[in-house]
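Owing to the predicted nature of the structure, the values given are computational and were not obtained by experimental measurement.
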Amino acid sequence: MEPSELKRSKDSPNLDESTRRSSFPDEVLERVLSLLKSHRDRSSVSLVCKDWYNAERWSRTHVFIGNCYSVSPEIVARRFPKIRSVTLKGKPRFSDFNLVPENWGADIHAWLVVFAAKYPFLEELRLKRMAISDESLEFLAVSFPNFKALSLLSCDGFSTNGLAAIATHCKNLTELDIQENGIDDKGGSWLSCFPESFTSLEVLNFANLSSDINFDALERLVGRCKSMRVLKLNRSVSLEQLQRLLVNAPQLAELGTGSFSEELTFRQCVELESALSNCKNMHTLSGLWDAKGIYLPALYPVCTHLTFLNLSYAALRSDELAKLLAHCPRLKRLWVLDTVEDKGLEAVGMNCPLLEELRVFPADLFDEEIIHGVTEAGFVAVSFGCPRLHYVLYFCCQMTNAAVATIVQNCPDFTHFRLCIMNPGQPDHITNEPMDEAFGAVVKTCTKLQRLSVSGRLTDLTFEYIGRYAKNLETLSVAFAGSSDWGMQCVMGGCSKLRKLEIRDCPFGNAALLSGLEKYESMRSLWMSACNVTMNGCRLLAREMPRLNVEVMKEDGSDDSQADKVYVYRSIAGPRRDAPPSVLTL
């Protein structure tokens with residue numbers, strides 16, 4: 001549910017019943033609506049007439065909530081009585097960069113209490129950037145007898161004791177996906193809590209846990225769950241143990257290996273390669289922690305069918321990547337570290353003609369003196385060889401306007417273009433000009449663009465281009481850019497489909513903030529930190545737009561007149577009641 005979809009919080013739309021009735025029988029209408037998978041499509045359908053509203057209300061089994069404070073659990077339960085699956089997002093994205101205070105909120109427990117009363121048949125819960133305690137996990141485990149799937153991404157507040165409760169009580173569990181969480185890892189004994197009679201697990205991901213696991217319990221679990229298709233291991237699982245697991249699970253479609261650097265005998269290498277070659281259905285490979293090039297040939301048998309290769313934990317050299325990609329003709333998604341350098345990206349261009357998504361991460365985000373890494377040359381090489389590329393996240397040490405223009409000419413179908421030049425405010429390293437023309441080329445050429453992250457030295461011209469040409473843009477992330485309020489005013493006035501705007505360390509002030517008065521109610525959120533916004537500006541926004549929640553996060557010792565961090569979002573639940581003292585709701 002998005003802010004624009006929450007305007008109708010009553011049980012029926014404001015339509016004239018006598019003129020806007022459906023001619024379809026309820027059973028037919030509900031059957032047709034059940035075929036709609038997009039939550040946006042379903043929300044649009046619900047606004048057609050009262051009959052369609054009610055049919056959609058009673059037939060919906062999944063709800064997506066992009067901001068846990070945009071609506072209350074009571075309102076959700078009143079609107080949708082038959083929900084079995086919930087996806088819920090909490091903290092702002094900049095919490096990933098430690099810009100959100102500790103104990104900010106987004107606690108799941110109040111939601112679980114309502115769900116237990118209204119949705120005892122709940123089967124699936126997917127959380128992102130939410131706070132969830134061990135007590136909440138135990139409450140979840142005992143409150144929903146047919147619970148099947150739990151996914152936690154970038155959540156915090158829990159430990160492996162909570163996972164033990166899930167393993168103990170969720171008898172029908174098919175998915176346990178734990179990714180990139182701030183978890184208190186108290187050891188791997190939680191895996192032994194799955195009953196010996198338990199056989200339903202299809203997805204198991206514990207890649208980000210740090211401690212040694214109970215391998216005997218894991219091996220028994222994998223061996224008896226014959227429908228398991230996704231297994232992602234943590235660093236503690238050795239190559240020899242991986243081989244034993246694969247022997248029991250040749251049906252795997254997605255594999256995240258453990259450590260890939262253990263010393264193996266020749267016989268062990270042969271056995272590992274044999275186990276991997278028997279995995280005929282595998283299309284996704286990740287993990288490869290600390291991978292050594294000597295063992296990469298063992299992967300060649302499964303590479304032929306791979307569509308997704310995630311090497312973001314493997315600091316491969318360019319020659320190692322090139323040898324691996326020579327065996328991956330069907331690859332559509334590739335994540336790598338910048339240790340592969342431009343030579344490695346040249347190999348991507350030569351070997352991956354079907355590539356649609358590329359992410360290049362820094363091996364060390366805080367290394368101010370990058371000796372190696374990737375540049376514009378590697379990106380250009382990829383664009384020449386991968387014409388289907390439409391999603392990119394690219395961390396680099398330098399870039400030029402001309403290179404970006406060439407890239408988007410070669411790949412005009414970008415929907416997501418996220419370029420991060422790691423030295424803030426860096427210009428075109430050849431001409432020393434701002435990077436305005438680079439992003440001008442992106443928004444002029446890529447008419448399907450939905451998400452854009454900009455970086456480098458940028459003036460207001462960049463934002464003029466964005467406002468004029470980026471008509472399908474939904475998410476914009478800006479850092480260390482712009483010249484004046486005019487830049488943000490151009491974006492707010494021109495990007496009619498904008499849903500999320502994230503800004504940090506920019507010269508935008510009150511005039512920029514207030515330029516979005518007509519737009520904020522249709523957006524999911526606005527984030528501004530380290531800008532020139534004042535408390536008076538925020539108070540004026542809150543006064544003019546009473547249906548917005550305007551939150552200011554104050555830092556110790558900061559100027560009382562300045563708004564250090566501002567988070568704005570629409571809510572039909574009103575101001576939240578769980579804000580810590582460091583968060584002021586205006």
Side-chain angles (χ1 to χ4, degrees), residues 96 126-130 132 137 149-156 158-164 166-167 173-194 201-215 217-219 221-222 225 228-246 248-249 252-262 272 276 279 282-292 295-296 299 302 306-316 333-337 357 359 361 363 365 393:
D96 294 348
R126 301 185 182 279
L127 305 179
K128 187 173 184 179
R129 300 190 186 96
M130 295 289 292
I132 182 165
L137 285 172
L150 177 64
S151 174
L152 304 178
L153 174 59
S154 300
C155 297
D156 58 29
F158 66 103
S159 75
T160 45
N161 290 343
L163 301 184
I166 296 293
L173 197 69
T174 60
E175 178 177 346
L176 183 57
D177 189 357
I178 312 299
Q179 291 188 64
E180 301 174 14
N181 297 281
I183 183 171
D184 181 7
D185 192 342
K186 297 183 176 181
S189 60
W190 62 276
L191 280 166
S192 62
C193 295
F194 286 102
L201 203 60
E202 299 175 12
V203 177
L204 178 60
N205 178 3
F206 59 93
N208 81 304
L209 300 188
S210 57
S211 66
D212 291 345
I213 50 96
N214 183 333
F215 180 75
L218 175 63
E219 188 174 28
L221 177 66
V222 171
C225 293
M228 185 172 287
R229 52 187 174 78
V230 178
L231 177 61
K232 297 184 179 180
L233 309 167
N234 74 348
R235 198 180 204 140
S236 73
V237 177
S238 69
L239 283 171
E240 186 269 334
Q241 291 171 329
L242 173 65
Q243 182 267 331
R244 288 167 57 182
L245 293 173
L246 292 177
N248 287 322
L252 287 177
E254 300 183 27
L255 172 66
T257 78
S259 172
F260 223 74
S261 59
E262 173 193 5
L272 175 62
L276 284 164
C279 297
M282 193 173 296
H283 58 71
T284 297
L285 183 63
S286 61
L288 305 174
W289 302 83
D290 309 314
K292 286 187 176 180
Y295 301 127
L296 292 180
L299 300 173
V302 296
L306 289 184
T307 58
F308 181 22
L309 179 59
N310 180 352
L311 299 171
S312 60
Y313 295 117
L316 299 186
R333 303 175 64 200
L334 176 63
W335 297 9
V336 296
L337 293 176
E357 176 184 327
R359 303 194 190 198
F361 300 96
L365 185 60
L393 171 61

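Put simply, the side chain of Leu218 reaches to within 4.5 Å of the side chain of Leu233, judged on heavy atoms. Contact of the Leu276 side chain with the Leu246 side chain is registered, since non-hydrogen atoms from C-beta on lie closer than 4.5 Å. Trp190 is not listed as a side-chain neighbour of Asn214, based on a closest heavy-atom distance of 4.5 Å or more.
With sequence neighbours left out, Ser236 forms a side-chain hydrogen bond (donor to acceptor under 3.5 Å, both in side chains) with Asn234. For Cys193, the side chain to side chain contact (heavy atoms under 4.5 Å, CB included) partners two or more places apart in sequence, or in a different chain, are Ala164, Ala167, Thr168. In this structure, the side-chain hydrogen bond (donor to acceptor under 3.5 Å, both in side chains) partners of Lys292, at least two apart in sequence or on a different chain, are Glu263. Residues passing the ring-ring contact (aromatic ring centres under 6.0 Å, His included) test with Tyr295, sequence neighbours excluded: none. Contacts of Asp185 classified as side chain to side chain contact (heavy atoms under 4.5 Å, CB included), with partners at least two apart in sequence or in another chain: Thr160, Leu209, Ser210, Ser211. Residues satisfying the salt bridge (charged side-chain N to carboxylate O under 4.0 Å, His left out) test with Glu180, not counting sequence neighbours, are none. With sequence neighbours excluded, no residue forms a salt bridge (charged side-chain N to carboxylate O under 4.0 Å, His left out) with Asp212. Every residue two or more places apart in sequence or in another chain that forms a side chain to side chain contact (heavy atoms under 4.5 Å, CB included) with Thr307 is listed here: His283. Annotation: salt bridge (charged side-chain N to carboxylate O under 4.0 Å, His left out) contacts of Glu357 (sequence neighbours excluded): Arg333, Arg359. Phe158 pairs by the ring-ring contact (aromatic ring centres under 6.0 Å, His included) definition with nothing, not counting sequence neighbours. Legend: residues meeting ring-ring contact (aromatic ring centres under 6.0 Å, His included) with Tyr313, ordered by chain and number and at least two apart, are Trp289.
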May I have the list of side-chain donor-acceptor pairs in residues 252-261 shorter than 3.5 Å, sequence neighbours left out?
from: Thr257; atom 1: OG1; to: Leu288; atom 2: N; distance (Å): 2.6
from: Ser259; atom 1: OG; to: Ser261; atom 2: OG; distance (Å): 3.1

* Intermediate values then yes/no, side-chain hydrogen bond (donor to acceptor under 3.5 Å, both in side chains), Gln179 and Asn181 -> CA-CA 6 Å; Gln179 291 188 64; Asn181 297 281; over 6 Å; no
